[in-house]
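In what follows, every chain begins at residue 1, and chains take the letters A, B, ... in the order their sequences are listed.
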There are 2 protein chains.
Amino acid sequence: MPTKPTWTARASNVPEEACPIGPVVDIVFSRWTTPILWSLHEHGRQRFVELERRIGTITPKVLTQRLRQLERDGLIVRTYHPEVPPRVEYEISDLGRSLAPLFAHLATWASTNLDTVERSRHDYDAKSAR
Amino acid sequence: MPTKPTWTARASNVPEEACPIGPVVDIVFSRWTTPILWSLHEHGRQRFVELERRIGTITPKVLTQRLRQLERDGLIVRTYHPEVPPRVEYEISDLGRSLAPLFAHLATWASTNLDTVERSRHDYDAKSAR
DNA sequence: CAGTATCCGGCCGGATACTG
DNA sequence: CAGTATCCGGCCGGATACTG
């Protein structure tokens with residue numbers, strides 16, 4: 001859980017000025033969580049290696065860390081099948097699924113405004129150059 | 001711009017499996033951006049020190065970095081008044097303001113589900129302990 | 001298969017001091 | 001006031017090798 005301590009500290013230091021969405025951002029948008037949740041939501045229940053391959057550039061160590069975090073937060077469910085070789089399946093939970101509209105909202109904002117951001121960056125860099 | 005290279009790299013390596021909300025997450029939810037945008041949205045145009053005090057635990061160096069990033073992305077507007085002493089004002093842009101519904105959505109999700117996350121964590125930790 | 005163990009580099013953010 | 005310059009520690013994530 002990457003930046004959580006930061007938010008928590010800030011919230012406790014200056015409670016009245018705390019950004020109300022701080023804690024939830026740490027839960028939902030910490031690193032690798034969106035591709036993992038997205039993959040689980042799109043392609044359903046998956047094994048460890050499937051997720052690993054689908055995400056592409058994540059290492060097993062980090063994937064394990066993120067999956068544990070998401071499981072602890074209740075956003076995914078891990079099922080262990082005691083077979084040989086072992087089989088483990090991950091699926092999105094109801095709580096995780098409840099994020100779908102939010103993600104859709106974000107995707108909509110992106111498709112509408114991402115090119116505006118791009119243009120802004122371009123203009124800013126052009127001005128800085130001269 | 002903190003984790004951007006990561007997302008970009010992943011997207012270019014495995015385009016077909018890329019999480020579509022990756023890039024926008026880096027823009028909107030990179031560190032300190034939500035409290036800055038929130039403060040600017042709630043309290044209107046503010047000077048550097050006002051923001052610094054309101055956010056509470058951020059250092060000037062980091063605040064400058066984040067403000068520059070947000071300005072470059074077009075989410076805020078910086079106005080420099082050439083006086084002595086200098087006066088600089090920051091305000092949220094139309095593009096930044098367009099994030100308000102999204103933030104509201106996030107706040108709603110948080111108020112509905114944050115205690116579920118808390119309970120899940122508690123249960124998980126209790127199980128791990130034994 | 002589904003991870004764990006170790007090592008390691010880079011980067012980010014904090015602290016501190018200074019400036020036009 | 002609104003920053004910049006420097007230094008520095010910690011942490012996170014990647015690479016690699018290994019295991020029940």
Side-chain angles (χ1 to χ4, degrees), chain A residues 1-10 13-14 22 25-26 29-36 39-40 45-72 76-91 128, chain B residues 1-10 13-14 22 25-26 29-36 39-40 45-72 76-91 128:
Chain A
M1 36 231 75
T3 54
K4 193 173 328 125
T6 312
W7 281 100
T8 316
R10 189 147 38 76
N13 287 345
V14 195
V25 168
D26 286 336
F29 297 108
S30 66
R31 208 166 120 94
W32 293 114
T33 58
T34 53
I36 293 173
S39 171
L40 251 24
R45 180 186 305 184
Q46 283 165 80
R47 304 180 66 166
F48 187 86
V49 267
E50 291 181 282
L51 277 170
E52 196 178 351
R53 287 195 200 110
R54 213 181 289 277
I55 294 174
T57 58
I58 197 168
T59 58
K61 189 193 76 170
V62 174
L63 180 56
T64 303
Q65 290 174 345
R66 301 291 106 180
L67 288 170
R68 290 286 180 281
Q69 175 194 342
L70 291 169
E71 187 196 1
R72 191 175 101 103
I76 66 174
V77 177
R78 175 181 184 271
T79 312
Y80 176 76
H81 303 271
E83 309 169 355
V84 178
R87 186 162 57 91
V88 174
E89 290 182 316
Y90 294 92
E91 58 187 321
S128 305
Chain B
M1 27 233 81
T3 54
K4 193 175 329 126
T6 312
W7 281 100
T8 316
R10 190 146 39 74
N13 287 345
V14 195
V25 167
D26 285 337
F29 297 108
S30 66
R31 209 169 120 95
W32 293 114
T33 58
T34 53
I36 292 173
S39 172
L40 252 24
R45 180 185 306 185
Q46 283 165 79
R47 305 181 63 166
F48 188 86
V49 265
E50 293 181 282
L51 276 170
E52 194 178 354
R53 288 194 199 109
R54 214 183 286 280
I55 294 173
T57 57
I58 198 170
T59 58
K61 189 193 76 170
V62 175
L63 180 56
T64 302
Q65 290 174 345
R66 299 294 106 182
L67 288 171
R68 291 285 180 282
Q69 176 193 342
L70 291 168
E71 187 195 1
R72 191 174 102 103
I76 66 173
V77 177
R78 176 182 184 269
T79 311
Y80 177 76
H81 303 272
E83 309 168 354
V84 179
R87 188 161 56 91
V88 174
E89 290 182 315
Y90 293 93
E91 59 186 322
S128 306

Inset, instruction - Determine whether the side chains of Arg72(A) and Gln69(A) contain a donor N or O and an acceptor N or O closer than 3.5 Å. - result: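 Side-chain D/A pair, Arg72(A) to Gln69(A): absent.
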Legend entry - Bend angle of the helix from dC1(C)-dG20(D) to dG20(C)-dC1(D), end axes from five pairs each (to 10°): 60°
Measure from [atom1] on [X] to [atom2] on [N] and round the result to the nearest Å.
{"X": "Glu71(B)", "N": "dG3(D)", "atom1": "CD", "atom2": "C1'", "value": "14 Å"}
{"X": "Glu52(A)", "N": "dT16(D)", "atom1": "CD", "atom2": "C1'", "value": "14 Å"}
{"X": "Gln46(B)", "N": "dG3(D)", "atom1": "CD", "atom2": "C1'", "value": "17 Å"}
{"X": "Gln69(B)", "N": "dG3(D)", "atom1": "CD", "atom2": "C1'", "value": "18 Å"}
{"X": "Ile76(A)", "N": "dA2(C)", "atom1": "CD1", "atom2": "P", "value": "13 Å"}
{"X": "Ile58(A)", "N": "dG3(C)", "atom1": "CD1", "atom2": "P", "value": "13 Å"}
{"X": "Leu67(B)", "N": "dA2(D)", "atom1": "CG", "atom2": "P", "value": "11 Å"}

Legend entry - Set of side chain to side chain contact (heavy atoms under 4.5 Å, CB included) partners for Arg87(B), sequence neighbours left out: Arg47(B), His81(B), Glu83(B), Glu89(B)
Legend entry - side chain to side chain contact (heavy atoms under 4.5 Å, CB included) involving Glu71(A) - partner list, sequence neighbours excluded: Arg68(A), Ile76(A), Arg78(A), Tyr124(B)
What's the closest nucleotide to the [X] side chain, out of [options]?
{"X": "Thr59(A)", "options": "dG14(C), dG14(D), dC1(D)", "result": "dG14(D)"}
{"X": "Arg66(A)", "options": "dG13(D), dA2(D), dG3(C)", "result": "dG13(D)"}
{"X": "Gln65(B)", "options": "dA2(D), dC1(C), dG13(C)", "result": "dG13(C)"}
{"X": "Val62(B)", "options": "dG14(C), dG13(D), dG3(C)", "result": "dG14(C)"}

Legend entry - Contact nearer the 5' end of DNA chain C, comparing Pro60(B) with Glu50(A): Glu50(A)
Any side-chain N or O of [X] less than 4.0 Å from the OP1 or OP2 oxygen of [N]?
{"X": "Arg53(A)", "N": "dA2(C)", "value": "no"}
{"X": "Tyr90(A)", "N": "dG3(C)", "value": "yes"}
{"X": "Arg47(B)", "N": "dC1(D)", "value": "no"}
{"X": "Arg68(A)", "N": "dG3(C)", "value": "yes"}
{"X": "Arg31(B)", "N": "dC12(D)", "value": "no"}

Inset, instruction - Please identify each residue that fulfils ring pair (Phe, Tyr, Trp, His ring centres under 6.0 Å) with Phe48(B), with sequence neighbours left out. - result: none
Legend entry - Qualifying residues under ring pair (Phe, Tyr, Trp, His ring centres under 6.0 Å), relative to Tyr90(A), sequence neighbours excluded: none
So [Y] and [X], do their side chains get closer than 4.5 Å, heavy atoms only?
{"X": "Leu51(A)", "Y": "Leu67(A)", "value": "yes"}
{"X": "Thr34(B)", "Y": "Phe29(A)", "value": "no"}
{"X": "Thr33(A)", "Y": "Leu70(A)", "value": "yes"}

Inset, instruction - Considering non-hydrogen atoms only, spot the tightest contact between Ser30(B) and Asp26(B) and give its length. - result: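 Smallest interatomic distance, heavy atoms only, reads CB-O, 3.3 Å.
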Legend entry - Any residue of residues 79-89 of chain B with a heavy atom less than 4.0 Å from an atom of DNA chain C: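 Those residues are Pro86(B).
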Inset, instruction - Measure from the side-chain N and O atoms of Gln46(B) to the backbone N and O of Ser39(B), and report whether any donor-acceptor pair falls under 3.5 Å. - result: yes
Legend entry - Base dG3(C) paired with Lys61(A) side chain (donor-acceptor, <3.5 Å): no
